[in-house]
Amino acid sequence: MITLIIGAIAVTLALVSAILIVNEKDVLKAIVLAGVESVFFAIALAIFLAPDLLIAYIAIGLGLNSLLFIYALKRGERYEEE
Amino acid sequence: MRKSKTFPVICLITTISIVLILAVLLNISGLTTYGVNELTGLAKLFVLNIPDPTKPWSSHAFEIVTAILWDQRGLDTYFETSVLFLAIVASVALLSYYGRRHVLEGTGDGYTTMIVKIVTKLVVPIIAVVSASIAIHGHLTPGGGFQGGSVFVVAPVLILLAYGSRFLSSRGFNELRLLAIRALSVTLIFVVGLVPVLYFLMHGTAYLFQNTYKPDSAFTYPYLIPTPIGEILTAGSIMIYNILEFFAVAAGFTLAILLLTREFERGEKK
Amino acid sequence: MVSYSVLEGVLPILFGLFTLAMIIYSLRVFTSKSVSDMVLAVDALTIDLIIIFVLIGLYYRSPYLLIGVIPLAAWILILDIVVSRYLSKGGGK
Amino acid sequence: MIDWILFYLGLALTLLGGAMDLIASIGFFRFKDFYMRLHAATIGAIGGGFYPLIGLALIALSLNLDVYIKAYISGVCVIAAALIALTAPAGSHILARATHRSGEVVPKVIVDRIKEDMEKGGNEP
């Protein structure tokens, strides 16, 4: 029961960060927020007992994803136009 | 400007109310507790048969997900691995053109310090050991070849960021060797899967990517190796596949990240 | 040997402490002004989440959930170095 | 006997770490500047991450579970504690350095000696 409550809180925070990503004008901030969203989903995966998925998700979804996005951002513009 | 301030709040309220309405509806209809405490259908077959060595369709592995990936659906997983191999080959073909023209490799000066370099030196062996352990006993604990390989990539990423790409390629991890390791591992996976076919041609019935004996086929990889201390459970070919897949995924991702880092180090200000 | 039920009594308190800290950290992440602030708060948030992972592993009495903790701890360093690299190679204000 | 000592020692460390984590999160909320929040980050990393992990390793050693479960949990806890003690200070160090040098956050101070040295052309570490 207590883990379900924590899972509900974590998924709600992931929802909040997803909404903020859509509305963000600074792309670097949006990339970091995408990493935060993945961290909260990792907690949900741990609570629903999926360790296989969890390991690959943490290594690729957090580590490689933000690295590749920031590499791509170096060739682009950091701030979006209004 | 005022619109962009209120927009996320409206989004949040709308989404949370939709989620709450859905939760109440699901709870009333009883779908949330449907089939929680009993296994049904295919899951029952897999969960009861795979870990039990007395059953005829057993894989002699305790970790059911890895056993399904490499034993029940081995050919499928092999083609997934080769799709990843083709993606890596395509990225090498795209990026090595620039790499040959501008032989300029960064050392990472300008943003890293002595502290980060020493911490990286201490962290990298820990990551390597953990990823190897995830891959090697992937048939006993959660994990496996792909997971171990993708955890291993954290170590080259740290080295590339802290020391620059010249460090890694001067230590022998150049494109040709990494690509050779990757291609050799994918080929060896296929050879290990092809051995039962040779048995089929010479002796009797056997299946492609077969692991242990089946009721109508006597071909089997060794799944219990006796030693003076005790017996080692290797779960047939699953352990071999895991180790080879570990090398394949680790070398492939390292190659892609190395080429991308070299591409983006080109022409940045010192 | 200490019985497991003794731990079960105090586990909700520990969960409550670290979950409260998680909520406050994530509010800081969502309302930060600059990227550096956000990354610093993400570091602290991730360390907080590592402990929640270990507590979940103790709750289910299953050690296999914990192996993801180690790449998560290394991710902190990767994010810090990548963002600082982006900032110092001409991406800053 | 020794189990109870281990258990209460671990529990005390974990509760202390939880309290420190809460204090660090409130500090993150109340401090005004990035350079001030570095202090709170120190408490959050070492006090809120290193101590509770050591405490949880001790707790796991004292429980009446199977031996391999206890060894696995406490081993992972100790390795993660070592990783946090290494990575978190190095990460916040390089982040603060890059932030100051790139001018992402300008510190509100009276005298900035690092900036003066950089303008003079000194190659500080």
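Chain naming here is simple, since letters A, B, ... match the order of the sequence lines and numbering starts at 1 in each.
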Worksheet item: What distance separates D:Asp21 CG from C:Leu20 CG, expressed to the nearest 0.5 Å?
Response: 10.0 Å

Distance-only criterion, 3.5 Å: show the donor-acceptor pairs between side-chain atoms of residues 41-52 of chain C and protein atoms not counting sequence neighbours.
unit_1	atom_1	unit_2	atom_2	d
C:Thr46	OG1	C:Val42	O	2.6
C:Asp48	OD2	C:Met22	N	3.3

Considering only distance and modelled atom types, tabulate donor-acceptor pairs under 3.5 Å from the side chains of residues 35-60 of chain D, sequence neighbours left out.
unit_1	atom_1	unit_2	atom_2	d
D:Tyr35	OH	D:Val105	O	3.0
D:Arg37	NE	D:Phe28	O	3.2
D:Arg37	NE	D:Phe31	O	3.4
D:Arg37	NH1	C:Asp37	OD1	2.9
D:Arg37	NH1	C:Asp37	OD2	2.3
D:Arg37	NH2	D:Phe31	O	3.0
D:Thr42	OG1	D:Leu38	O	2.9

Worksheet item: Atom OG of C:Ser88 and atom CD1 of D:Ile94: how far apart are they, to the nearest 0.5 Å?
Response: 7.0 Å

Worksheet entry | Shortest non-hydrogen separation from D:Thr99 to C:Ser36 and the atoms involved | OG1-OG, 3.0 Å

Worksheet item: By a 4.5 Å heavy-atom criterion (distance strictly below it), what part of D:Phe34 contacts chain C: side chain, backbone, both, or neither?
Response: both

Worksheet item: Where is the tightest heavy-atom contact between C:Tyr25 and D:Ala24, given as atom of each residue plus distance?
Response: OH-CB, 3.4 Å

Worksheet entry | Gap between atom CG of D:Asp66 and atom CZ of C:Arg61 - 0.5 Å precision | 10.5 Å

Discussion item. At a 4.5 Å cut-off on heavy atoms, which part of C:Leu66 comes close to chain D: side chain, backbone, both, or neither?
Written reply: both

Fill in: Trace of the side-chain contact (heavy atoms from CB on, under 4.5 Å) decision for C:Leu17 with D:Leu15
CA-CA 8 Å; C:Leu17 271 176; D:Leu15 284 174; 4.1 Å; yes

Item to complete: Name the member of C:Val10, C:Leu7, C:Ile81 that forms the most heavy-atom pairs with chain D at distances under 4.5 Å.
Response: C:Leu7

Discussion item. Heavy atom to heavy atom, less than 4.5 Å: which residues from residues 72-80 of chain C reach chain D?
Written reply: C:Ala73, C:Leu77, C:Asp80

Donor-acceptor contacts under 3.5 Å from residues 68-89 of chain D side chains, at least two apart:
unit_1	atom_1	unit_2	atom_2	d
D:Lys70	NZ	D:Leu61	O	3.4
D:Lys70	NZ	D:Leu63	O	3.3
D:Ser74	OG	D:Lys70	O	2.9
D:Ser74	OG	D:Ala71	O	3.4
D:Thr87	OG1	D:Leu83	O	2.8

Practice prompt. Count the heavy atoms belonging to other residues, nucleotides or ligands that lie under 6.0 Å from OH of D:Tyr8, then report whether that count exceeds 12.
Written response: no

Worksheet, complete the sentence: If you tally heavy-atom pairs under 4.5 Å between each of C:Ile70, C:Leu58, C:Val69, C:Ile23 and chain D, the highest tally belongs to C:Ile70

Item to complete: Flag the pair D:Leu22 / C:Phe18 as yes when at least one side-chain heavy-atom distance between them is below 4.5 Å, and no otherwise.
Response: no

Item to complete: Might you point out which heavy atoms bring C:Ser84 and D:Ala98 nearest each other, and give the distance in Å?
Response: CB-CB, 3.3 Å

